[in-house]
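When a ligand or atom number is given, it counts from 1 through the structure's own listing order. Note that the numbering runs from 1 along the sequence shown for the chain. Nothing here was measured: the structure is a model prediction, and the numbers come from that model.
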Amino acid sequence: MQIVKENGPITGEHIADQLNLTRATLRPDLAILTMAGFLDARPRVGYFYTGKSGTQLLTENLQKIYVKEYQSIPVVVHENVSVYDAICTMFLEDVGTLFVVDKSSQLVGVLSRKDLLRASIGKQELTTIPVHIIMTRMPNITMCEREDLLIDVAKKLIDRQIDALPVVKKSNKGYEVIGRITKTNITKAFVALGEE
Ligand code: ADP
């Protein structure tokens with residue numbers, strides 16, 4: 001990088017000469033530095049230094065991660081199922097948030113762990129209360145779409161203090177739930193970015 005910084009644009013061959021290496025030996029290293037964004041290569045001109053810092057490159061990479069690359073499969077329940085059944089679904093599916101849909105499979109609400117706990121500490125009969133009574137309902141649902149940037153979704157999770165949001169597809173019928181993004185998905189993206 002120092003050689004390119006001082007002499008760029010410079011061909012791979014000239015860099016190799018300065019290091020007493022063959023062009024072939026150097027090729028993988030140059031490829032990595034170019035892919036990482038520290039150097040840029042122009043055909044017949046050579047390598048030059050981009051001047052971008054590690055942080056700048058990290059920010060650029062972060063702006064290229066979309067919801068569709070990290071979304072998980074959503075777990076949905078019908079609005080008329082009982083609180084009892086919703087609790088069973090949450091355990092069986094091993095998720096922390098359920099999305100509630102109406103008979104035409106459109107999003108009408110969200111059920112979190114605490115929503116179900118709150119309903120459970122009352123004296124009600126859980127098998128007879130439908131989830132639509134206790135859920136957070138439309139239009140107060142925070143949603144996202146496949147093409148949204150993951151960083152924007154992460155900000156929504158923080159701003160609204162929630163654990164998950166549905167990935168939806170809008171139609172004239174409403175919002176179809178096609179995925180979910182949780183704090184776990186964001187953590188996975190964070191780790192992948194660190195390992196790149
Ligand atoms: P927990 O209940 O485990 O704290 P959350 O922080 O996700 O889980 O939920 C807090 C509250 O916000 C609950 O009442 C829940 O119904 C609601 N909520 C969760 N996700 C969303 C969302 N995407 N849009 C709107 N409200 C939500």
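- Listed by number with element, the atoms of ligand 1 under 4.0 angstrom from any heavy atom of Ile141 are 24 (N), 25 (C).
- Proximity of Asp163 to Leu157: side-chain heavy atoms (C-beta onward) are nowhere separated by under 4.5 Å.
- Ile87 CD1 to Leu117 CG: the interatomic distance, rounded to the nearest 0.5 Å, is 7.5 Å.
- For Glu145 against Val167, the heavy-atom pair with the smallest separation is C-CG1, 3.9 Å.
- Below 3.5 Å of separation, one finds no N or O of Thr97 facing any N or O of ligand 1.
- Here's the thing with Ala164: one of its N/O atoms is less than 3.5 angstrom from an N/O atom of ligand 1.
- Heavy atoms of other residues, nucleotides or ligands lying less than 6.0 angstrom from OH of Tyr175 number 12 at most.
- For Asn140, every heavy-atom contact with ligand 1 shorter than 4.0 Å involves the backbone, none the side chain.
- Near Thr136, with a cut-off below 4.0 Å to any heavy atom, the atoms of ligand 1 are 14 (O), 15 (C), 16 (O), 17 (C), 26 (N).
- Ranking protein heavy atoms by distance to atom 7 (O) of ligand 1, first place goes to Asp163 N, 2.9 Å.
- Among Thr182, Thr142, Leu157, the residue whose heavy atom lies closest to atom 24 (N) of ligand 1 is Thr142.
- At a heavy-atom cutoff of 4.0 Å, ligand 1 is contacted by the backbone of Gln161 but not by its side chain.
- In terms of N/O distances under 3.5 Å, ligand 1 is approached by Asp115.
- Checked by atom type and distance alone, the side chain of Asp94 never pairs as donor or acceptor with a backbone atom of Phe91 at under 3.5 Å.
- For ligand 1, the atoms lying closer than 4.0 Å to a non-hydrogen atom of Leu165 are 23 (N).
- To the nearest 0.5 angstrom, Met143 atom CE is 6.5 Å from Leu107 atom CG.
- Counting protein heavy atoms only, atom 18 (N) of ligand 1 is closest to Ile162 CG2, 3.5 Å.
- Asp159 has no carboxylate O lying under 4.0 Å from a charged side-chain N of Lys156, or vice versa, which leaves the two without a salt bridge.
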